Amino acid sequence: MHNPFPYSLDNKRYHTWNYYLKSHFGHKVCKVPLNAGFTCPNRDGSKSVGGCTFCSSLGSGEFQGVTTKNLLEQFESGAEVMHRKWPDAKLMAYFQSYTNTYGPLCKIKDCIEPFMQRNDVMGICVATRADCLEEDVIEYLNECAQSKEIWIELGLQTIHDETSQRINRAHTFKEFKDKVLRLSSTNCKICVHIMNSLPDETKEMMIETAKVIGKLPIHAVKIHMLHLIEGTKILKEYKEKPFHLLSQEEYVELVVTQLRYLPDTMVIQRVTGDGMKDSLYGPLWTLNKTQVTNDIDKLMAKMNVMQGDLYEQR
């Protein structure tokens, strides 16, 4: 059956990351996750302590690399893993763990420069926070973007400040929006992370997050489900006073609606996250990532809907 969605190489009715990479670079591209040893301002006492309540001691992401290895060693190890699965794939260096612009410019340069010099690195992705991008860092990343694709991944999770305060993000939506507008004047590409099923957020609040994000000058979004990880503050809170966690069916229906409010040109880097099997308390259905993505595809086809069909131009 013909897929009516233009930005797809398969049956997806949303603008996949795989489509973007193949159409932009001409071949398969894989991210190699790295841990550069940064921390976060809501961990070290600068703004708060303990980090985001959903975040484990390892920081964001599951495959952060081994800090006993230097960055190039981490990259080589990760590249080997990727090439076992996709022998001809090109690579991106992905600074994933914690806040990778939270430090002096000299440290950030020391981390990024080795990958700027490598011909086998097609781009560099830097995960960070909107309140940790000083002007000198933005100017440096913009300079880098003249010769190599630079993605800045901003953790937001929600546009609702009351939720952000509860999960200890320690910055406001206004701070985030102001920095997005600043970054939009550079050559860097912007990806925003949002998270569904945060405490006390209604379906309408989660949809509103997607609607607002869809109107911002960003290039991509990652959609995640809240994972309750052993040892995190949010799991402790959940055990003491449970809040509603979306079922797989609820999550699939919600994501389909969110996608419909995002412009079809916006790249969807993720529609669900990777659960850490050994430390995941719940929801356990998130471990079956393939089933979740398949259910999203099936529901969009059944409803005959596509990314962006509810998006309204300003």
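Excluded from the calculations below are hydrogen atoms, water molecules and symmetry mates; all remaining heavy atoms, backbone and side chain alike, are included. Please read these numbers as outputs of a predicted model, since none were measured by experiment.
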[X] (side chain) donor-acceptor with [Y] (main chain) under 3.5 angstrom:
X	Y	answer
E201	H160	no
R169	G155	yes
N100	F95	yes
T16	K12	no
N187	A145	no
Q307	H15	yes
T202	M205	yes
Q146	E143	no
T232	L228	no
T186	C188	yes

In terms of side-chain heavy atoms, does [X] have a donor or acceptor partner in [Y] at a distance below 3.5 Å?
X	Y	value
Y94	E153	yes
S8	D10	yes
Q248	D295	yes

Same cluster for Y14 and M206 if Ile/Leu/Val/Met/Phe/Trp/Tyr side chains link at under 4.5 Å? yes

Could you go through H24 and E149, starting from their C-alpha distance and side-chain angles, then the distance that decides it, and tell me whether this counts as side chain to side chain donor-acceptor pair (under 3.5 Å)? CA-CA 11 Å; H24 188 67; E149 186 156 289; 2.8 Å; yes

Given side chain to side chain donor-acceptor pair (under 3.5 Å), test S48 with N168 step by step and report yes or no. CA-CA 8 Å; S48 186; N168 200 38; 2.9 Å; yes

Selection residues 233-252 - residue pairs positive for ring-ring contact (aromatic ring centres under 6.0 Å, His included), sequence neighbours left out: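 Residue pairs passing ring-ring contact (aromatic ring centres under 6.0 Å, His included), neighbours aside: Y238-F243, Y251-W285.
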
Quick one: salt bridge (charged side-chain N to carboxylate O under 4.0 Å, His left out) partners of D131, sequence neighbours excluded?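 Here the qualifying residues are K47, R129.
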
Checking K148 now: which residues fulfil salt bridge (charged side-chain N to carboxylate O under 4.0 Å, His left out) with it, not counting sequence neighbours?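 For K148, no residue satisfies salt bridge (charged side-chain N to carboxylate O under 4.0 Å, His left out) once neighbours in sequence are set aside.
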
Can you give the donor-acceptor pairs under 3.5 Å from side chains of residues 109-116 to other protein atoms, not counting sequence neighbours?
residue : atom : partner : partner atom : Å
E113    : OE1  : Q117    : NE2          : 3.2
E113    : OE2  : Y140    : OH           : 2.5

I need the minimum non-hydrogen distance between L254 and K203, along with the two atoms involved.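 Minimum heavy-atom contact is CD1-CG, 3.9 Å.
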
Taking 4.0 angstrom as the limit, do R182 and D178 come out as a salt bridge?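 A salt bridge is absent here (no side-chain N lies under 4.0 Å from a carboxylate O).
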
Can you confirm whether more than 12 heavy atoms, excluding those of K90, are under 6.0 Å from its NZ atom?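 It does not: K90 NZ has 12 such atoms or fewer within range.
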
List the steps and the verdict of salt bridge (charged side-chain N to carboxylate O under 4.0 Å, His left out) for E240 and K236. CA-CA 6 Å; E240 291 174 354; K236 182 174 182 291; 2.9 Å; yes

Verdict with reasoning, R118 to E76, per salt bridge (charged side-chain N to carboxylate O under 4.0 Å, His left out): CA-CA 12 Å; R118 294 182 62 131; E76 295 298 341; 2.9 Å; yes

By side chain to side chain contact (heavy atoms under 4.5 Å, CB included), which residues pair with S77, not counting sequence neighbours?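 Testing S77 for side chain to side chain contact (heavy atoms under 4.5 Å, CB included), a comparison that skips the adjacent residues, returns K69.
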
Which ILVMFWY residues can you reach from W17 by hopping between side chains whose heavy atoms are under 4.5 Å apart?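 ILVMFWY cluster around W17 also holds Y20, L21, F25, V29, M92, M122, W151, V267.
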
